[in-house]
Amino acid sequence: MRLEIIQKLSEIVGKDNLYTELEDLYCYTYDASFVKADFKKDLAGVAVYPSNTEEVAQIIKLANQEMIPVVPRGAGTNVSGGTISVGDCIILVLKRMNKILEIDGKNLIAVVEPGVITGQLQSEVERIGLFYPPDPASQAFSTMGGNVAECAGGPRGVKYGVTRDYVIGLEAVLPTGEVINTGGRTIKNVTGYDMTKLFTGSEGTLCVITKIIVKLIPLPEAKSTMMAVFSEIVQACETVSEIIATGLVPCSLELLDNIYIRNIEEYAKVGLPTEAGAVLLIEVDGDSEILAKQIGKIEKICSQLGAVQIRVAKTKEEAEELWRARRSAFAAVSRLRPTIIGEDATVPRSSIPAAVNRIQEIAAKYNIIVAVLGHAGDGNLHATILTDETDQEEMARVEKAIDEIFIATVELGGSLSGEHGIGRAKSKFITIQTGEVGLEVQRQIKQALDPNNILNPGVMFGA
Amino acid sequence: MDSSLESWQKEVIRCIRCGACQNVCPVFKELQAESTVARGRVKLIRGVISKDLDLTDGFIDKMSLCLMCKACVVNCPSGVKVDKLVEAARKEIAKKKGLSPLKMLIFRLVLKNRWVFNAGMRTGRIFQGLVFRKGSNGQGMLPRMSLGIDKRRLLSPLAQKPFKSMYPEVVKVPEATMRIAFFTGCMINYIYTDTGRAVINVLNQNGVEVVIPSLQNCCGTPVRINGDYETAKTMAKANIDVFLKEKVDAVVVACGTCGLSLKEEYAELLKDDPNYVEKAKKLGSMVKDFTELVVSLEGFEGKMGRLPVKVTYHDPCHLIRGLKVKEQPRQIIRSIPGVIFEEMTKADTCCGSGGSFSLYHYELSTKINDHKVESVHKTGAEILATGCSACRMHIEDGLNRQGNPVKVMHTAQLLEMAYQAGANPSPVKHDKGKGRKNLE
Ligand SMILES: Cc1cc2nc3c(=O)[nH]c(=O)nc-3n(C[C@H](O)[C@H](O)[C@H](O)COP(=O)(O)OP(=O)(O)OC[C@H]3O[C@@H](n4cnc5c(N)ncnc54)[C@H](O)[C@@H]3O)c2cc1C
Ligand code: SF4
Ligand code: SF4
């Protein structure tokens, strides 16, 4: 990076909020994805940590003038390569903009800066009896800006929806450096195109989000948790469909396959039958009077469809114990092989058994281990590939398998990514989903907003 | 030997770069740069192993920015041993680049040779005279020379007499029910002799005979975590020999860092020495924190009087995440009649001391410490109990800076106060005293 640019950036953010040392920049060549940066070619020129919208705008203006690529970054926990440095670029980290600006209990909204940690917003609003439901598993450390840019979701998605369903307004800096306000503080708003929704999930390619207005809902009074064990994964999937067809809407419906069950049991000793084909972890929430009735109905459906074991938590501690199984899933399988790759194909709920089947076939074909864990309620399957990245021959097979899983997903009427985004990891597959026309329209939108292609180049549309 | 940095390849690839450590790393909380969180450190080490990076000054600086607090380790979904990786990197640095001048002086000359250390500490020539000078307020010691450490770092004054010289090698009690060896550690021996005295008084009153082997050394952790393995090994072996000679039921520590070192790390350090590794394991199996031993003593609560004070507790990193001692000190504090125990928020977050970290990065360690002081302050407690002298010194320093009158002491001292309030005659000293002078 040219010295004068660094000088100017330093004037904007202050010299303490700017990094140029090799060792610092080396740490922006990765995120939580498996996209590999070539350190010699991809090392960033500078990393800056602005503290307000004005600074962001100045940085972007400078970058646009000088045609320097900018990679916006929150906590760097995305799993699609969206924050990896791309050569002599500016890494724009929003973590210092971390204030909750407003929690408005009367209008049920919150206004936050992009660097606020999602879990922090959640505990703040819950303190006054409100609820911000989107719950990516990374909620304790990922940022609101990153969540909006990826349209993150989690187990509660089945009942409460995902980030997109809560964002009602944004302040953002466009690639030209101008500041735009979209949406607003009202739930109803049809003034012009819905830019808020366009920017939500835009993966840092259209704008830098500097302020987020989200709607909140009242915190459900109580929760009830149960676990059902099935000998066949198909039975578990049928159960999911049946529960939803009956009009019951649990707030979580998590599915674990046999590989997960065996490893969790070995690791955490929670009393799962290791020969079981699948486990469903089900949680309902709402008024305490109706919970028992709901759980009762779900219990009945589970046993009708062949559950071999059902456990309903009677206390908070018991519920916690059931969730412990789910939460230790990751640590449990990570003991098996050193490298874990989590994919996130999503299929229509009814296709879950078929999708699991296809995944198992593909795993067998390439002789690799793929475990399946899913937010079964919304068809979001996390195919977890357990491998060893130092074994190049195996990694080549893994890559082929991943390609096939993507194609199978789309064939089953599903989506390439439920919540993890396209980033740099899946950009070559985007047309199998959007089609050529779809891609072209998106390209034109990008071109209109970012004529110099400075914002996160390579993400979504490929290099 | 396979303890080269390369041998850690298997450990570094276990980091899946999930970023969960951002939520718990105290250094990252202050600095926010990706290179200062566990994930960044692991990546940098990986970079050196794969030869992307060299052992540059930048790398050395990043490696020095770790408190070895293990917060990331217990929180990591893959259980990556980040502190061990940083230690391995520091060892590589020490091997290839040598230690910095101050570290050289302290590690090689002073800590290793008990007699130099003792003589130096006693006469005040080496430590207080040569390296440190008195602070302007006349209490603390400020480093004298520019040795790559922050000059403002206040150290507590050294004790008049080292702890070990105040007691016979065996502190006997009539009809002892148990005999233990006390590993004092440096800070109790040279600075906080009041903690050592409390340990002995409390154990004696419970019928425990205490052996204080005079030939014991520093545990070696300060040199090991800074990469000087050869010195660390020499010290470990000396301690192993000294303690295995004693016929005792347990080896008691009053510091989590020393404890972890004796209990687990000696065996790791000496893993290539077939003779000593077994001895290290044997010693390890005998190690108990003071609070662990106390709660196992029947009737330890019976001797307490009332202490109408509000107390809070800070978990030392190596005590809670190393020795896994969490409930025992709380159980002791709660069992004292009259004490109101108020848990602070984030009691188990590092106080920012991190051994020599606070010497090298004083400013930063002060910022980390401010959060701790704030948590202590919010509880409204009059006494902060903890289980480590380094934490005690660092938090005391922070409280002083903010003019906060909270008293900081080891859990053993609080218990000693409770026993004195119970007016039980102490079997060793201060027989009929009201006990106050025993405390200051
Ligand atoms: C262990 C683990 C579990 C996960 N679980 C889930 C899950 O359950 N559900 C889920 O949806 N995801 C999950 N993720 C993925 C990831 O956490 C989410 O994508 C999250 O939203 C990323 O947030 P971040 O702050 O880390 O953003 P980053 O990774 O830093 O950035 C993500 C993208 O957003 C862009 N960006 C960031 N901030 C801004 C901004 N202010 N303005 C414009 N663009 C911006 C970046 O350029 C990048 O393209 C998980 C990840 C991990 C490691
Ligand atoms: S929590 Fe562990 S696995 Fe995750 S990034 Fe940190 S060190 Fe790596
Ligand atoms: S040991 Fe402590 S300071 Fe070091 S990386 Fe882990 S959490 Fe951070």
Side-chain angles (χ1 to χ4, degrees), chain A residues 16-34 37-40 43 47 49 73-79 83 91 93 95-96 98 115 117 119-120 137-143 146 327-335 337-342 388-391, chain B residues 6 8-25 28-65 72-80 89 345 363-364:
Chain A
D16 287 345
N17 300 309
L18 171 141
Y19 298 89
T20 52
E21 255 188 57
L22 166 67
E23 287 78 14
D24 279 302
L25 299 177
Y26 192 67
C27 294
Y28 302 99
T29 58
Y30 60 80
D31 48 29
S33 73
F34 268 83
D38 173 349
F39 134 77
K40 296 233 161 57
L43 196 76
Y49 285 64
R73 194 173 190 277
T77 70
N78 75 87
V79 283
T83 48
I91 303 284
V93 189
K95 284 212 71 171
R96 276 180 72 221
N98 59 2
I117 304 297
Q120 220 173 324
S138 56
Q139 61 194 0
F141 44 95
S142 63
T143 66
R327 270 199 295 268
S328 56
F330 196 79
V333 293
S334 79
R335 295 169 321 134
R337 303 296 307 277
T339 305
I340 310 255
I341 304 179
D388 180 347
E389 61 184 294
T390 55
D391 182 341
Chain B
E6 284 73 23
W8 290 91
Q9 168 85 11
K10 275 219 263 325
E11 191 67 24
V12 292
I13 69 165
R14 293 184 51 233
C15 170
I16 48 151
R17 299 173 309 279
C18 68
C21 37
Q22 295 178 75
N23 197 25
V24 296
C25 177
F28 177 74
K29 187 164 191 269
E30 301 306 326
L31 299 179
Q32 291 290 322
E34 179 69 31
S35 63
T36 61
V37 74
R39 175 168 71 166
R41 290 187 229 295
V42 175
K43 175 71 180 180
L44 287 168
I45 293 169
R46 193 172 180 175
V48 168
I49 294 175
S50 68
K51 307 226 157 40
D52 274 0
L53 302 175
D54 293 322
L55 300 176
T56 53
D57 287 351
F59 179 79
I60 294 171
D61 182 50
K62 300 292 182 259
M63 289 305 121
S64 77
L65 278 168
C72 54
V73 181
V74 296
N75 181 63
C76 173
S78 327
V80 179
T345 54
E363 198 96 19
L364 176 60

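The basis for the numbers below is simple: all heavy atoms, side chains too, and nothing from hydrogens, waters or symmetry mates. Each chain gets a letter, A, B and so on, in the order the sequences are listed, and its residues count up from 1.
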Original post:
Any donor-acceptor pair under 3.5 Å linking the side chain of A:Thr29 with the backbone of A:Leu43?
Top reply: no
Original post:
So which of B:Gly58, B:Ser78, B:Cys21, B:Cys76 has the largest heavy-atom pair count under 4.5 angstrom toward chain A?
Top reply: B:Gly58
Original post:
For B:Gln9 and A:Thr390, does a side-chain donor sit closer than 3.5 Å to a side-chain acceptor?
Top reply: no
**OP:** Might you point out which heavy atoms bring B:Cys18 and A:Phe141 nearest each other, and give the distance in Å?
**Re:** O-CE1, 3.3 Å
**OP:** Please look at B:Leu53 and chain A and tell me whether the side chain, the backbone, both or neither of the residue comes under 4.5 angstrom of a heavy atom of that chain.
**Re:** side chain
Subject >> Heavy-atom contact with chain B under 4.5 Å, split by part of A:Thr77 >> reply: both
Original post:
Distance from A:Cys27 atom SG to B:Leu44 atom CG, nearest 0.5 Å?
Top reply: 4.0 Å
Original post:
Quick one: what part of A:Asp31 sits under 4.5 Å from any heavy atom of chain B, side chain, backbone, both or neither?
Top reply: backbone
**OP:** Below 4.5 Å from any heavy atom of chain A, which atoms of B:Gln32 appear? Answer side chain, backbone, both or neither.
**Re:** both
**OP:** With a 4.5 Å cut-off on heavy-atom pairs, point out which of B:Ala33, B:Gly40, B:Gly47, B:Cys15 contacts chain A the most.
**Re:** B:Ala33
Subject >> Test log, rule side-chain hydrogen bond (donor to acceptor under 3.5 Å, both in side chains), inputs A:Glu21 and A:Tyr26 >> reply: CA-CA 9 Å; A:Glu21 255 188 57; A:Tyr26 192 67; over 6 Å; no
**OP:** Under 4.5 Å heavy-atom distance to chain B, tell me which part of A:Leu22 shows up: side chain, backbone, both or neither.
**Re:** side chain
Original post:
Taking atom types as modelled and ignoring hydrogens, do the side chains of B:Glu34 and A:Tyr19 form a donor-acceptor contact shorter than 3.5 angstrom?
Top reply: no
**OP:** Below 4.5 Å from any heavy atom of chain B, which atoms of A:Tyr49 appear? Answer side chain, backbone, both or neither.
**Re:** side chain
Original post:
For B:Arg41, is it the side chain, the backbone, both, or neither that has a heavy atom closer than 4.5 Å to a heavy atom of chain A?
Top reply: neither
**OP:** Can you sort out the partners of A:Arg96 under salt bridge (charged side-chain N to carboxylate O under 4.0 Å, His left out), two or more places apart, ordered by chain and number?
**Re:** none
Original post:
Which pairs with one or both residues in residues 42-60 of chain B pass salt bridge (Lys or Arg N to Asp or Glu O under 4.0 Å), sequence neighbours excluded?
Top reply: A:Glu389-B:Arg46
Subject >> Atom group of A:Ser33 that falls short of 4.5 Å from chain B, counting heavy atoms >> reply: backbone
Original post:
Side chain, backbone, both or neither: which part of B:Leu31 has a non-hydrogen atom closer than 4.5 Å to chain A?
Top reply: backbone
Original post:
With chain A, which of B:Arg14, B:Lys10, B:Gln22 has the greatest number of heavy-atom pairs at distances under 4.5 Å?
Top reply: B:Gln22
